[in-house]
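See structure below.
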Amino acid sequence: MADTIIHQDQGPENAGNMELKDNTIIVVLGASGDLAKKKTFPALFGLYRNGFLPKGVKIIGYARTKMDHEEYLRRVKSHIKTPTKEYEQQLEEFCKTTTYVSGQYDQDDSFQNMEKHLQEVEKGQKVTNRIFYMALPPSVFIPVSEHLKRNNYPSSGIARIIIEKPFGKDLESSRELDRALRPNWKEEETFRIDHYLGKEMVKNILILRFGNEFFGATWNRNHIDNVQITFKEPFGTEGRGGYFDEFGIIRDVMQNHLLQVLTLLAMERPISFSSEDIRDEKVRVLRGMPAIEPKNVIIGQYEKSLDGTKPGYKEDDTVPKESRCPTFTSMVAYIKNERWDGVPFILKAGKALNEQKTEVRIQYKDVTSGIFKDIPRNELVLRVQPNESIYIKMNSKLPGLSMQTTVTELDLTYRKRFSDLKIPEAYESLILDSLKGDHSNFVRDDELDASWRIFTPLLHYLDDNKEIVPMGYPYGSRGPAVLDDFTASYGYKFSDAAGYQWPQTSTEPNKL
Ligand code: BG6
């Protein structure tokens, strides 16, 4: 068992006031959809079995599909894993907390019918706490939020609405969505999920930066040459082409997930860990970022794999044959402030690539020349997934009688160091936060606005200029062929010293 010392909870200062409310009802709208089945219900079950849901919690599924209780439970269970008998029993208990109501998304009658059901479940309690989780397509966000307010808003107790991206397609549509939500749902009641903010490594960024003097002291343009944030998936848009083609990789993961990671890496130290202090700093750094310039961007779209077994993006029947939608993008963002001026933040995201990986790679500047010739740069890598780890690539003397150097690493691999601790799923962490009313890891309205401002000119430029077509890359490759030259042109230095590849340290014998 790892000798993990758990220090005091460094969470939000006001976390003490943030308690679970007994007898909360969680309404999952879109309960028969993919998001609910794959993420929401498994996360609710994970919280339930670990005793993290409020006492007396009830979960109500709501969707258009007409189905009986058995069919509903079959869907709820469809993505929940039960590796042991104990899990199976817990799942049966969990199922007793949940019921289903079917109804439309645009009719008062349907929501009044749900209201009757809610009241039956609440059995005349005076205080009613209701959380509405919208696992819904964006086309129905607005009508559903209005109907909920009109028909199901509790007269006492808490009311919260959880929404998922896409929050619009550009600055204007995001503002429109916000204007429509605003009269019904206050900002304090609104929880905008970006599930990357619930990932363990992403939640660690502020602790790493501000809880370690040696990182803090070098975290600036004097020491850091460039920062890369990479998101790679080994599969294409199979089955989701219809949705994806409307959005593309920039809207799908860069404007939200990768930008959130960038913001946490780049923001200044908040005055406290309270949600508003954190979010104030996040907004401040976003406001210091100019819009992305098209000259700092490359876009790609995947084609058939080299062995011909995997289809190209446009071979998907749900994708228009003339689609110019980027499935890969690399772009460089800058931050105009004292800490970061001139440091390129290179974002890379792609589907149908050679591996699954999300990581941050901070490359330090060259050490002063003189005693060393071409010694590789230090790199700090935060592996978000899979296999959460933090490692620093550093130069060291190769043990032996010579003064040969080698690249090695300081390695914190979670599986080894925290072998007895379970890493929560992002959705578990975020649903728990929303139940407690902690906004720290949710996107605030002004933050969303500031993020769209950075991407919208580029998105419009790509949408409007029909002559710009993405570069092809084979399914299963590293991306468009120009990628390495592109990153190198912003200063990133690739070093394959002694064939170094984490997690294996070079064992090259020393030469006497
Ligand atoms: C979603 C995107 O937000 O994030 C998907 O819509 C993407 O396209 C997914 O696959 C990645 O999430 P994760 O947690 O698997 O890295």
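First listed ligand is number 1; within each ligand, the first listed atom is number 1. Please read these numbers as outputs of a predicted model, since none were measured by experiment.
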Looking at Arg377 and Asp225, does any basic side-chain N land under 4.0 Å from a carboxylate oxygen?
yes

Check Glu359 with Arg383, please: is the shortest side-chain N to carboxylate O separation under 4.0 Å?
yes

Indicate yes or no: does Asp34 engage Lys39 in a salt bridge with an N to O separation below 4.0 Å.
no

Check each atom of ligand 1 against the heavy atoms of Lys165 and keep those under 4.0 Å away; list them by number with element.
1 (C), 2 (C), 3 (O), 6 (O)

Just which atoms of ligand 1 are under 4.0 Å from any heavy atom in Asp252?
2 (C), 5 (C), 6 (O), 8 (O)

Considering heavy atoms of the protein only, find what lies nearest to atom 16 (O) of ligand 1 and give residue, atom and distance to 0.1 Å.
Tyr196 OH, 2.4 Å

Residues Lys232 and Gln356: side-chain donor-acceptor under 3.5 angstrom:
no

Atom CD of Glu276 and atom OG of Ser440: how far apart are they, to the nearest 0.5 Å?
8.0 Å

With atoms numbered from 1 as shown, which atoms in ligand 1 lie under 4.0 angstrom from a non-hydrogen atom of Lys199?
13 (P), 14 (O), 16 (O)

Lys199 and Glu388 ion-paired at < 4.0 Å
no

Are more than 12 heavy atoms from other residues, nucleotides or ligands located less than 6.0 Å from atom CD of Glu355?
yes

Under 3.5 Å: N/O of Thr358 near N/O of ligand 1:
no

Under 3.5 Å between any N/O of Gln356 and any N/O of ligand 1: does that happen in this structure?
no

Which residue owns the protein heavy atom closest to atom 12 (O) of ligand 1, what's the atom, and how far is it?
His195 NE2, 3.1 Å

I need the atoms of ligand 1 closer than 4.0 Å to a non-hydrogen atom of His257, numbered in the order shown.
1 (C), 3 (O), 4 (O)

I need the atoms of ligand 1 closer than 4.0 Å to a non-hydrogen atom of Lys351, numbered in the order shown.
5 (C), 7 (C), 8 (O), 10 (O)

Looking at Glu447, Glu187, His439, which hits side chain to side chain donor-acceptor pair (under 3.5 Å) with Arg192?
Glu187

How far is atom 10 (O) of ligand 1 from its nearest protein heavy atom, and which residue and atom is that?
Glu233 OE2, 2.5 Å

For ligand 1, which atoms sit closer than 4.0 Å to a heavy atom of Gln385?
13 (P), 16 (O)

